[in-house]
Trainee: 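Here's a structure for you.
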Protein chains: 2
Amino acid sequence: MIKILIAEDQSMVLGALSALLDLEDDFTVVATAENGEQAMSLAQQHDVDIVLTDIEMPKMTGIELAQALQRINYTAKVMILTTFTRSGYLRRAMDAGVKGYLLKDAPSDSLAQAVRQIHQGKVIVAPELITQAWGEVDPLTDKERKVLRLAYEGKTTEQISKAIYLSAGTVRNYLSEASSKLGAANRIEAARIAKQNGWL
Amino acid sequence: MIKILIAEDQSMVLGALSALLDLEDDFTVVATAENGEQAMSLAQQHDVDIVLTDIEMPKMTGIELAQALQRINYTAKVMILTTFTRSGYLRRAMDAGVKGYLLKDAPSDSLAQAVRQIHQGKVIVAPELITQAWGEVDPLTDKERKVLRLAYEGKTTEQISKAIYLSAGTVRNYLSEASSKLGAANRIEAARIAKQNGWL
DNA sequence: TAAAGGTGATGACAATTGTCATATTGGGCC
DNA sequence: GGCCCAATATGACAATTGTCATCACCTTTA
């Protein structure tokens, strides 16, 4: 019997996934969580084989969850199930020791199969992502990322400079540099590109 | 037996929802679709009681689907199941004759109950949305919306003006007007506000 | 210790954007 | 026809943004 813990912040989807996996005779969903923190504590309470988690969740993302589990040498295999096709996410997930990365776009009957394969020790990555995975690397520095994130929210140069304690001129330099690295014509486009690649 | 058609673009979620609803003895999922167009044609082939659909889908949104079904006097009751809490969406859904608007955040066991109630002729709206629903009305004109959408993508005034065959000056006027209506300091913030309210 | 490299700041200039007042145009409609 | 209105344009000006060269300070490292 493969013991599964599911973490997913949309209750409806969580319940539905749980129903889907419970249909399999060799699976049992031992616990469910609506955020990463809860999943972390439930994982420690239960004996679990597979942790199936989304990425974007309140309090703790799925990737942070994987990192935290890795840090305490937790033996369960972590599997990401998400909509995000950003190569940045995949890379970070692999670094966190994740054993599977599936997309919610994949047919629902492929999930059970993937769970079994990962349980057997294989590593599964959504085919759509394999090619692009080792493509471009995030070219942004931390400062550029931070500045770009604020610009993305519509903050002006002035507001950004106050928010992160840098001079307005420096902020503009970072934005300009980011745009140029990303081949964008302005801060908005730059932010969109970064966002699309999971760099933001 | 309540006959259900499900439209949802994420296969995994579609399959999971299908599994969830099939657990109920009085339900039968007669068809599933991955976009609105497909749902439209399947609805016409099958005899269906409830159409359960997401909003954002390729080819045809859930709201457009509801409108199309309303136009041909299709008798099935349409139910929206989505993540979007934008009041704009809810309003447009109600205008399209939708009988239920649930959030994916709601507990999964509330879905079956809602389906039954809607089947009995009730109208169900997620409680989180009821209060804000009749709040602010979309203040944007069609042109403003169109211009703002392009600006949101990082297009410059010049590019926008070419895309929609208006002078650059007029585009700037529209953007300025939109910002002022929305209380935003610049186009980016304006676009974000509009987006948040489902006006974009 | 000197060279190299990273981080942040400045100044200058052009381009773009935001704002506003004021045209122009082409319907509806009395 | 004449009037009103909405949609679109223009021009002018200030503010913001994008770009670039250069400088000042620290660390790191050879």
Side-chain angles (χ1 to χ4, degrees), chain A residues 86 88 91-92 95 135-200, chain B residues 88 91-92 95 136-200:
Chain A
R86 331 259 159 90
R91 184 186 308 266
R92 273 185 265 162
D95 288 346
E136 316 166 63
V137 185
D138 181 352
L140 300 175
T141 65
D142 278 357
K143 282 284 158 50
E144 285 162 2
R145 194 189 330 285
K146 194 172 292 186
V147 163
L148 209 49
R149 208 177 277 139
L150 291 168
Y152 185 66
E153 292 170 13
K155 300 264 196 300
T156 65
T157 305
E158 199 57 45
Q159 293 170 318
I160 297 172
S161 83
K162 271 172 190 147
I164 60 173
Y165 307 105
L166 285 178
S167 84
T170 304
V171 169
R172 285 204 286 152
N173 287 342
Y174 283 143
L175 285 171
S176 178
E177 185 58 25
S179 290
S180 130
K181 279 181 181 174
L182 300 175
N186 56 51
R187 52 182 75 190
I188 318 178
E189 204 190 339
R192 280 185 55 82
I193 293 174
K195 188 100 188 162
Q196 258 171 20
N197 284 92
W199 297 334
L200 213 161
Chain B
R91 183 186 311 264
R92 272 185 265 162
D95 287 347
E136 315 166 64
V137 186
D138 181 352
L140 299 175
T141 65
D142 279 357
K143 282 284 158 52
E144 285 163 1
R145 194 189 330 285
K146 194 171 293 185
V147 163
L148 208 50
R149 207 177 279 140
L150 291 168
Y152 185 66
E153 292 170 13
K155 301 265 196 300
T156 65
T157 305
E158 198 57 44
Q159 293 171 318
I160 297 172
S161 83
K162 271 172 192 148
I164 61 173
Y165 307 105
L166 284 178
S167 83
T170 304
V171 170
R172 287 204 286 151
N173 286 342
Y174 283 144
L175 284 170
S176 179
E177 185 59 26
S179 290
S180 129
K181 280 181 180 173
L182 299 175
N186 56 51
R187 52 182 76 190
I188 319 177
E189 204 189 340
R192 279 184 56 81
I193 293 174
K195 187 100 188 162
Q196 258 171 21
N197 286 92
W199 297 333
L200 213 161

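Note that the structure is a prediction, hence the values are computed from the model and not measured.
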Trainee: Given atom CG of D142(A) and atom P of dG6(C), what is their separation to the nearest angstrom?
Mentor: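 From D142(A) CG to dG6(C) P: 14 Å.
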Trainee: Summarise how protein sits on nucleotides 9-17 of chain D as a single string, 5' to 3': B when a protein heavy atom is under 4.0 Å from the base, S for sugar-phosphate-only contact, - for no contact.
Mentor: BB-B----B
Trainee: Do you know which two heavy atoms are closest between A178(A) and L140(A), and how far apart they sit?
Mentor: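 Closest approach of A178(A) to L140(A): CB-CD2, 4.0 Å.
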Trainee: CG of L148(A) versus P of dG18(D): gap in Å, rounded?
Mentor: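 The distance from CG of L148(A) to P of dG18(D) comes to 10 Å, rounded to the nearest Å.
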Trainee: Apply the test side-chain contact (heavy atoms from CB on, under 4.5 Å) to residues L182(A) and W199(A): give CA-CA distance (whole Å), side-chain angles for both, the deciding distance (0.1 Å), then the verdict.
Mentor: CA-CA 11 Å; L182(A) 300 175; W199(A) 297 334; 3.6 Å; yes
Trainee: Which residue pairs pass the side-chain hydrogen bond (donor to acceptor under 3.5 Å, both in side chains) test with at least one member in residues 185-195 of chain B, sequence neighbours excluded?
Mentor: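 As it turns out, the side-chain hydrogen bond (donor to acceptor under 3.5 Å, both in side chains) pairs with a partner in residues 185-195 of chain B, which skip direct neighbours, are T157(B)-R187(B).
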Trainee: Ignoring backbone atoms, establish whether Y174(B) has a side-chain N or O less than 4.0 Å from OP1 or OP2 of dT8(D).
Mentor: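 Yes, within the criterion.
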Trainee: Can you list everything that forms a salt bridge (charged side-chain N to carboxylate O under 4.0 Å, His left out) with K143(B)? Sequence neighbours excluded, please.
Mentor: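 With sequence neighbours excluded, K143(B) shows a salt bridge (charged side-chain N to carboxylate O under 4.0 Å, His left out) to no residue whatsoever.
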Trainee: Taking 4.0 Å as the cut-off, does a side-chain nitrogen or oxygen of K143(B) come that near to OP1 or OP2 on dT8(D)?
Mentor: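 For dT8(D), OP1 or OP2 has a side-chain N or O of K143(B) closer than 4.0 Å.
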Trainee: In this structure, how many angstroms lie between the P atom of dT7(C) and the NZ atom of K146(A), rounded?
Mentor: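 Going from K146(A) (NZ) to dT7(C) (P), I get 13 Å.
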Trainee: Which atom pair, heavy atoms only, marks the closest approach of L148(B) to A191(B)?
Mentor: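 Heavy atoms only, the tightest pair is CG-CA, 3.9 Å.
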Trainee: Using atom names, set out every protein N or O paired with an N or O of nucleotides 22-25 of chain D below 3.5 Å, distance rounded to 0.1 Å.
Mentor:
none

Trainee: Between E177(A) (CD) and dG6(C) (C1'), how many Å, whole number?
Mentor: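 About 13 Å, once rounded to whole Å.
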Trainee: Can you list everything that forms a side-chain hydrogen bond (donor to acceptor under 3.5 Å, both in side chains) with S167(A)? Sequence neighbours excluded, please.
Mentor: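 Once residues adjacent in sequence are excluded, the partners of S167(A) under the side-chain hydrogen bond (donor to acceptor under 3.5 Å, both in side chains) criterion are T170(A).
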Trainee: Is the shortest side-chain N to carboxylate O distance from R92(B) to D95(B) below 4.0 Å?
Mentor: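 Looking at D95(B) together with R92(B), the answer is no, because their closest N to O distance does not fall below 4.0 Å.
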Trainee: Which residues satisfy the salt bridge (charged side-chain N to carboxylate O under 4.0 Å, His left out) test with E158(A), sequence neighbours excluded?
Mentor: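 Counting only residues at least two positions away or on another chain, E158(A) forms no salt bridge (charged side-chain N to carboxylate O under 4.0 Å, His left out).
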